[in-house]
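Please read the structure below before turning to the comments.
Proteins come first, then strands; the chains are lettered A, B, ... in the order of their sequence lines, and each starts at number 1. We use all heavy atoms of the structure for the numbers below, so side chains are in, but hydrogens, waters and symmetry mates are not.
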Amino acid sequence: MATEHTQTASEYVVHHLTHLNTSGERQQVVVDWGIINLDSMFWSIVLGALAVFLLWRAASKATAGVPGRFQCAVEMLVEMVADQAKGIVHSEESRRLVAPLALTVFVWIFFMNAMDLLPVDLLPVIWENIYSAAGGDPHHAYQRVVPTADLNITLGMAIAVLLLCLFYNVKIKGVQGWMHELFNAPFGSHPLLWPVNFAMQMVEFLAKTVSLGMRLFGNMYAGELIFILIAMLGGTATMLGFVGHVIAGSVWAIFHILIITLQAFIFMMLTLVYIGQAHDSH
Amino acid sequence: MNLNATLVGQIAVFAVLAWFTMKFVWPPITRALDERAQKIQEGLAAADKAKADLSLAEKRAMDELRQARESAGDMRSAAERQATGLLDEARAEAARIVAAAREAAEKEAGVAMQHAKDSLREQVAVLAVVGAEKILRREINADNHKELLANLKQEL
């Protein structure tokens, strides 16, 4: 937040929605491959490392005897994912990769989404103090702490899923079998239908990937934005604004507990479903 | 909603995390789960077996008990039979002894009576002779009647 002059509401929102990236400025063009969002990458890696570290701790102490509570919790998670994977991906060999991947997706996305439950100004203000203490301009101390509210993150994961789908298409059906499927499904094998089939398949892959990435991004972005708006309610420094902030913030946070879990679960399930579809021949 | 190289970075991070989970998280946990399932299965099987063994053992114990009861009954009736036999034998022996004793006593009594009769007879004869002597002293010579008296004594 600004120290010299009072921020307008739109400045506050824009500041909160600007990434800390390698250019140091707000990204102006829609696509720029020369820029990396440092905040998203940092939190994504930290939370991913935390997620796999917790899972690894449970795994390294796992015994076949009576499990502790933590081990039990992780086992329930693993069993849930394993059951889902077994029902969707009908290949024992593929499951050895896909099931752990789905577990990673669920826990990691859950952790990244859960960053939304931290007060919207907590980490950005801490960063602002660090940044200005290091001699930076606090106006440019951007910090977004919810990685899944960054389209790059969600779309990156969706593209990773797409790559896996393509890999399994080739692995299970062979290049020839997959090509045959691309041109002969879903409408039929008549040569006149080949272009239509191919176009349809391309649209399908594109739609799957974009919707997978966009769904998570949209949910978390909207959630973050609403938290920012609720915080502005408290920012009016009036009694009404304060009470409204507490009530609306509590309600939205409680509702968001459902959203973050549900979105993590949906992403995991769709990952399994898409990879499972790559195993099915038409 | 801008796209940039973060997307590529995220794919790389995703790959690393998924690899880590696949390598170090998933196998130990599923192995522990499988082992526990195995243990539980073995435990249940052992419990079933123990239950079967128990009922078998109970049946065997009942058989043994019945057999023991039967043999005990046999033994008791045999003992009873033997006891009755012994009792009968003892009773017969006692009767025999009593009879023998009675017989001996009777015989002895008979001998004693005979003896008493004989001595009585002797005394009577002597008495008769004394009496007769007294009678006859006056009129008959004793020596002349000795033979007569002896005959008389014999007849008594």
Can you see which heavy atom on Ile11(B) is nearest to which on Ala160(A), and at what distance? CG2-CB, 4.3 Å
Scan residues 55-82 of chain A for pairs that pass salt bridge (Lys or Arg N to Asp or Glu O under 4.0 Å), counting only residues two or more places apart or in two chains. Glu75(A)-Arg36(B)
Within the 4.5 Å heavy-atom criterion, are Phe14(B) and Leu163(A) side-chain neighbours or not? no
Pick from Thr154(A), Val29(A), Leu101(A): which one has the most heavy-atom pairs with chain B under 4.5 Å? Leu101(A)
Crowded around Gln82(B) CD? As in, over 12 foreign heavy atoms under 6.0 Å? no
Report the option among Ile36(A), Val74(A), Val107(A), Ile35(A) that has the most heavy-atom pairs separated by less than 4.5 Å from atoms of chain B. Ile35(A)
More than 12 heavy atoms from other groups under 6.0 Å of CD on Glu122(B): no
Under a 4.5 Å heavy-atom cut-off, does chain B meet the side chain of Ala99(A), its backbone, both or neither? both
Determine whether the side chains of Asn37(A) and Asn4(B) contain a donor N or O and an acceptor N or O closer than 3.5 Å. yes
Is there a side-chain contact between Phe24(B) and Leu55(A) in this structure, where contact means two heavy atoms from C-beta onward sitting under 4.5 Å apart? no
Would you check if Gln10(B) and Met157(A) make a side-chain contact, meaning some heavy-atom pair closer than 4.5 Å? yes
So, the side chain of Gln27(A) versus the backbone of Leu3(B): is there a donor-acceptor pair under 3.5 Å, distance only? yes
Go through the atoms of Gln71(A) and report whether side chain, backbone, both or neither lie under 4.5 Å from a heavy atom of chain B. side chain
Report the distance from atom CD1 of Ile29(B) to atom CG of Leu103(A), rounding to the nearest 0.5 Å. 7.0 Å
Side-chain contact, heavy-atom cut-off 4.5 Å: Trp108(A) with Val13(B)? yes
I'd like to know which of Ala5(B), Pro28(B), Pro27(B) tops the heavy-atom pair count under 4.5 Å against chain A. Ala5(B)
Please classify the contact between Leu17(B) and chain A as side chain, backbone, both or neither, with a heavy-atom cut-off of under 4.5 Å. both
Whatever's closer than 4.5 Å to a heavy atom in chain B on Val66(A) counts as neither
Heavy-atom proximity to chain B below 4.5 Å, by part of Ser40(A): side chain
Counting C-beta onward and ignoring hydrogens, is there a side-chain heavy-atom pair between Arg26(A) and Asn2(B) closer than 4.5 Å? no
Gap between atom OG1 of Thr6(B) and atom CG of Leu151(A) - 0.5 Å precision: 10.5 Å
Chain B contact via Ala82(A) - side chain, backbone, both or neither, heavy atoms under 4.5 Å: both
Engaged part of Asn21(A) at the chain B interface, taking heavy atoms whose separation is under 4.5 Å: neither
Over 12 foreign heavy atoms within 6.0 Å of NZ, Lys171(A): yes
